[in-house]
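Taking it in order: structure first as structure tokens, then the write-up.
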Amino acid sequence: MLLRWLLIALMAFAGPALAQSADPGASAPANATLADMLENPETRQQLIEQLRGMAEAPADSSEGQSSDDSSAPAVEEPSLPRQLAEMTSNIVGDIGKEAGLVYDSLAAVFVSTSDAAQIDIGMVLNATLNLGLVILATFALFLLIRRLGRPLFTRLSLWSLNGPALQPMLRLLICVALAALIDSLIVALAYVGGNLVATFVVGESGELTTRASLFLNAFLVIELLKAGVRMLFASRYEGLRLLPIAARDASYWNRWIARLIGLAGYGLMVVVPLANAYLSPRLGQSLGTLIMIGAFVYAIAVVLRNCQHLRDALQRQSKRSSLPITRVALSLLSRVWHLLAIAYFFTVLVLTLTQPEDALPFVLIATLQTLAAILVGLGISRLITQTIGRRISLSDDLRRKLPLLEVRLNGYVPKALKVIRTILLIAVVMISLNAWQVFDLAAWYASEAGRGLIAKLFSVIMILIIALVAWLMLASMIEHKLNPATGRGEPSSRTQTLLALFRNALAITLLTVTIMVVLAEIGINIGPLIAGAGVLGLAIGFGAQKLVQDIITGVFIQIENALNVGDVVTVGGVTGTAERLSIRSVALRDLSGTYHIVPFSSVDTVSNYMREFAFHVGEYGIAYRENIDEAIEALQTAFNDLSEDEEYKRELLEPLEVAGVIALADSSVNIRVRLKTTPGMQWAVGRAYNRLVKYRLDEAGIEIPFPHTTLYFGADKDGDAAPANLRIMQDDYTADGSPAGQPRAPEAPEPEDTTTRREVHNQDGDGGVDTPGGGGY
């Protein structure tokens with residue numbers, strides 16, 4: 001089809017040109033193109049077949065085809081492997097044709113063919129001299145103006161590095177933009193100066209030659225491109241470098257890219273057109289091919305030389321990245337970047353050789369758009385990171401009232417940064433694909449699917465932001481109520497427990513509602529999901545009756561305020577301090593440190609030791625021979641001592657309550673007293689009071705009895721008791737000096753002594769004594 005339209009165009013333009021004898025030069029391009037087609041055997045055969053097909057077709061075939069397209073047989077589309085094979089064959093054929101043209105052109109120059117005979121050497125030398133003067137004057141003026149502008153770049157660099165105002169990234173962007181503007185003005189001034197020199201100094205005054213115009217236009221475009229490269233690297237100015245690389249690396253890559261741009265740019269925009277005009281079109285085309293091959297070889301050599309160096313740099317950058325997708329992308333790029341670069345340069349070479357008129361502008365524009373998208377994405381990412389990536393610090397008053405708000409905000413910021421960076425990465429990839437015409441971004445956004453996806457994405461982001469703000473506000477209000485620093489004092493245990501449960505219920509409810517709304521927004525029908533959840537909840541209710549009983553019992557326990565976090569309680573046969581309280585269970589920590597979780601379904605009774613007040617109930621026994629009133633007076637004295645103690649006097653709520661004698665036990669008379677204390681302090685107060693009671697009873701000489709045991713060794717018919725051998729044990733040494741723990745040698749019994757020996761231990765257990773006599777003690 002393409003060949004058919006080309007043939008029609010050639011016939012349309014070449015036919016009238018051949019018929020006009022007055023202007024024979026007008027038909028030269030068409031004749032040359034037609035001659036090239038006839039020289040190639042393949043294209044010549046195709047042309048012959050097309051002409052025969054057009055001759056055999058009826059004159060009105062076009063009208064019949066337009067009127068009845070449905071009756072025409074469908075043309076079978078070639079398969080993908082065949083298309084790839086044909087495309088490869090065409091590319092190889094085009095490259096071979098270009099190589100042949102290069103050889104023919106060079107041979108024509110050196111062998112002195114007819115084309116070479118037409119070359120006016122004097123005119124070429126004169127044009128070369130004039131153009132050289134313009135080039136020299138333009139570059140000299142450019143270097144002079146750049147040298148005069150160095151102080152401006154230095155000041156901008158210093159302000160970017162050490163400026164007191166704005167964020168570092170903002171200062172960098174502003175300084176780079178100003179430096180780029182100054183650099184562009186320098187290029188423009190050099191361009192204007194070169195035009196003035198070419199117009200009024202070189203050649204005929206007041207006339208700008210075509211060759212000077214070619215160079216000056218190329219100078220303007222190429223030096224502006226170099227100025228853009230200097231924005232990235234800026235090897236001499238640390239504060240004007242967009243890419244975070246060392247000065248040595250920046251200088252290297254800046255020189256390499258500038259040389260590549262200069263070689264390809266000036267070669268294709270100046271040398272090739274001049275060769276076409278003054279030497280030979282075929283020679284100009286050959287020079288263009290040689291320039292592109294030389295640029296390709298130079299680029300591949302630089303890529304291979306820096307393969308490992310850039311791979312290590314990308315690996316280090318990936319390790320410093322906090323976003324997983326960026327870390328993976330950089331790690332993958334470090335392994336294949338040289339392959340991508342080689343493929344890029346090879347594609348540019350092939351497109352330039354096969355389609356020299358359209359390929360170079362397309363590649364240049366696509367490359368610039370890709371680089372611009374990457375740079376803008378990196379700049380926005382760094383700007384956002386420096387703006388909100390720092391730790392958020394609230395005021396002291398707000399931090400005092402809402403202690404968890406700062407921690408919560410600093411926990412959300414990194415997650416928000418990851419989401420923003422992911423969106424930026426997707427946008428950069430889509431823009432880059434659109435630049436290379438792999439993906440039509442404008443058409444996709446104009447389509448219903450594109451607009452719908454963007455709208456849904458925006459809606460989901462807004463829903464998440466609203467849910468997050470609502471959670472922050474409600475959680476902050478709950479923390480405000482729970483915080484004693486708000487001016488309302490320490491909240492009660494019941495308030496703390498209920499607000500904690502309310503916060504958990506709020507979090508679950510808000511999360512569930514947010515998920516449902518997001519699913520509905522992205523197009524998922526949540527009706528069956530809600531119905532399924534109801535059926536599932538009913539099934540769980542039947543299958544988990546114990547769980548339902550836990551929850552119901554827990555609800556009523558909370559309503560009745562039976563226990564709160566921090567209370568000492570007995571539930572389910574376990575006594576301990578309530579550390580965690582949920583709607584289903586309570587977690588207790590007992591005296592030995594064991595952590596118990598008691599479900600409410602197993603709780604029949606709740607014994608709370610910390611409601612309003614508490615009592616220490618003490619029972620103290622005295623010997624039967626002691627005076628009861630004196631003992632009660634000693635107990636009262638001990639209470640008075642406790643009331644004067646700075647640590648415990650605030651915990652006593654009422655005077656000592658003496659119940660009196662409550663029991664006449666086997667070996668003691670028991671007296672009961674009761675101390676009313678603040679809740680939770682009854683145990684500490686009781687321990688302190690017991691200590692003082694012991695001191696006062698000892699001081700008054702009142703005996704605290706202890707159980708007595710009588711040992712009876714038995715007697716024979718004559719009334720004599722059998723002897724009892726005693727072994728006395730001491731802590732360190734026995735009475736005869738033998739070490740403790742070794743038995744003492746038994747004493748020999750007196751011959752006619754009928755008394756027995758018995759072992760009697762004193763109260764403190766320090767040792768024993770030998771007591772003669774029969775019977776027990």
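From a predicted model like this one, the values you see are computed outputs, not experimental measurements. Hydrogens, waters and symmetry mates are skipped; everything else that's a heavy atom, side chains included, is used.
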Residues that Thr514 engages under side chain to side chain contact (heavy atoms under 4.5 Å, CB included), provided they are two or more places apart: Ile463, Leu464, Ala467, Leu510, Val518
Of the non-hydrogen atoms in Tyr689 and Leu635, which two are nearest, and what is the gap between them? OH-O, 2.9 Å
Pairs flagged by ring-ring contact (aromatic ring centres under 6.0 Å, His included) wherever residues 557-609 is involved - sequence neighbours left out: Tyr609-Trp683
Taking Asp567 for its side chain and Leu563 for its backbone only, find out whether a donor-acceptor pair lies under 3.5 Å. no
Donor-acceptor pair, Glu626 side chain versus Glu703 backbone, under 3.5 Å? yes
If you measure from CD on Glu644 to CG on Leu652, what distance do you get to the nearest 0.5 Å? 11.5 Å
Just do the side-chain contact (heavy atoms from CB on, under 4.5 Å) check on Ile704 and Ile622 with the steps written out, would you? CA-CA 5 Å; Ile704 301 176; Ile622 61 175; 5.7 Å; no
Residue set satisfying side chain to side chain contact (heavy atoms under 4.5 Å, CB included) with Ser601, at least two apart, ordered chain then number -> Lys546, Gln549, Asp550, Pro599
Would you mind reporting whether Val669 and Ile628 have side-chain heavy atoms less than 4.5 Å apart? yes
Given Ile515, which partner from the list Val517, Leu511, Val513, Thr512 fulfils the side-chain contact (heavy atoms from CB on, under 4.5 Å) test? Leu511
Does a side chain donor of either Ser643 or Asp645 reach within less than 3.5 Å of an acceptor in the other side chain? no
Quick one: CG on Leu588 to OG1 on Thr575, what's the gap to the nearest 0.5 Å? 8.5 Å
Passes side-chain contact (heavy atoms from CB on, under 4.5 Å), Leu653 versus Thr677? Steps please. CA-CA 5 Å; Leu653 301 180; Thr677 67; 5.6 Å; no
Non-hydrogen atoms of Gly621 and Ser668 that approach each other most closely: CA-CB, 4.1 Å
Taking only residues two or more places apart in sequence or in another chain, which ones pass side-chain hydrogen bond (donor to acceptor under 3.5 Å, both in side chains) with Arg316? none
My understanding is that only residues two or more places apart in sequence, or in another chain, count here; which of them pass side chain to side chain contact (heavy atoms under 4.5 Å, CB included) with Thr605? Ser607
Atom pair CG/CD of Asn670 and Glu619 - distance to nearest 0.5 Å: 6.0 Å
Drop me the distance from Asp590's CG to Thr577's OG1, to the nearest 0.5 angstrom. 9.0 Å
Partner set under side-chain hydrogen bond (donor to acceptor under 3.5 Å, both in side chains) for Tyr648, not counting sequence neighbours: none
Between Asp641 and Tyr695, is the side-chain hydrogen bond (donor to acceptor under 3.5 Å, both in side chains) condition met? List the steps. CA-CA 11 Å; Asp641 296 339; Tyr695 286 158; over 6 Å; no
Keeping Ser318 on the side-chain end and Gln315 on the backbone end, is there a donor-acceptor pair under 3.5 Å? yes
Within a radius of less than 6.0 Å around CZ of Phe458, do more than 12 heavy atoms belonging to other residues, nucleotides or ligands occur? no
What pair of heavy atoms forms the shortest contact from Ile671 to Ala631, and how long is it? CD1-CB, 4.0 Å
So, applying side chain to side chain donor-acceptor pair (under 3.5 Å) with Lys676, which one of Glu651, Glu654, His616 is it? Glu654
Would Phe639 and Leu692 count as a side-chain contact (heavy atoms from CB on, under 4.5 Å) if you check the C-alpha gap in whole Å, the side-chain angles of each, and the deciding distance to 0.1 Å? CA-CA 8 Å; Phe639 178 79; Leu692 295 175; over 6 Å; no
Partner set under side chain to side chain contact (heavy atoms under 4.5 Å, CB included) for Arg674, not counting sequence neighbours: Phe615, Val617, Glu657
Straight-line distance of Ile662 CD1 to Arg672 CZ, nearest 0.5 Å: 4.0 Å
Inspect the surroundings of CZ in Arg650 and state if more than 12 heavy atoms from other residues, nucleotides or ligands are less than 6.0 Å away. no
With sequence neighbours excluded, residues passing salt bridge (Lys or Arg N to Asp or Glu O under 4.0 Å) with Glu633: none
Partners meeting side-chain hydrogen bond (donor to acceptor under 3.5 Å, both in side chains) with Ser602 (sequence neighbours left out): none
Residues in side-chain hydrogen bond (donor to acceptor under 3.5 Å, both in side chains) contact with Asp698, at least two apart in sequence or another chain: Lys694
If you look at every heavy atom in Asn627 and Asp629, which pair is closest and at what distance? OD1-N, 2.8 Å
Report the C-alpha separation of Tyr620 and Val693 in whole Å, then their side-chain angles, then the decisive distance to 0.1 Å, and conclude whether the side-chain contact (heavy atoms from CB on, under 4.5 Å) test is met. CA-CA 9 Å; Tyr620 304 97; Val693 166; 3.9 Å; yes
What residues, two or more places apart in sequence or in another chain, satisfy salt bridge (Lys or Arg N to Asp or Glu O under 4.0 Å) together with Glu646? Lys649
Looking at every non-hydrogen atom in both residues, tell me the closest pair between Leu581 and Val565 and how far apart they are. CB-CG2, 3.9 Å
Using the test salt bridge (Lys or Arg N to Asp or Glu O under 4.0 Å), find all partners of Arg589 that sit at least two apart in sequence or belong to another chain. Glu579
How close do Ala634 and Ile702 get, counting heavy atoms only, and between which atoms? CB-CD1, 4.5 Å
Euclidean distance, Glu521 CD relative to Ile461 CD1, rounded to 0.5 Å: 11.5 Å
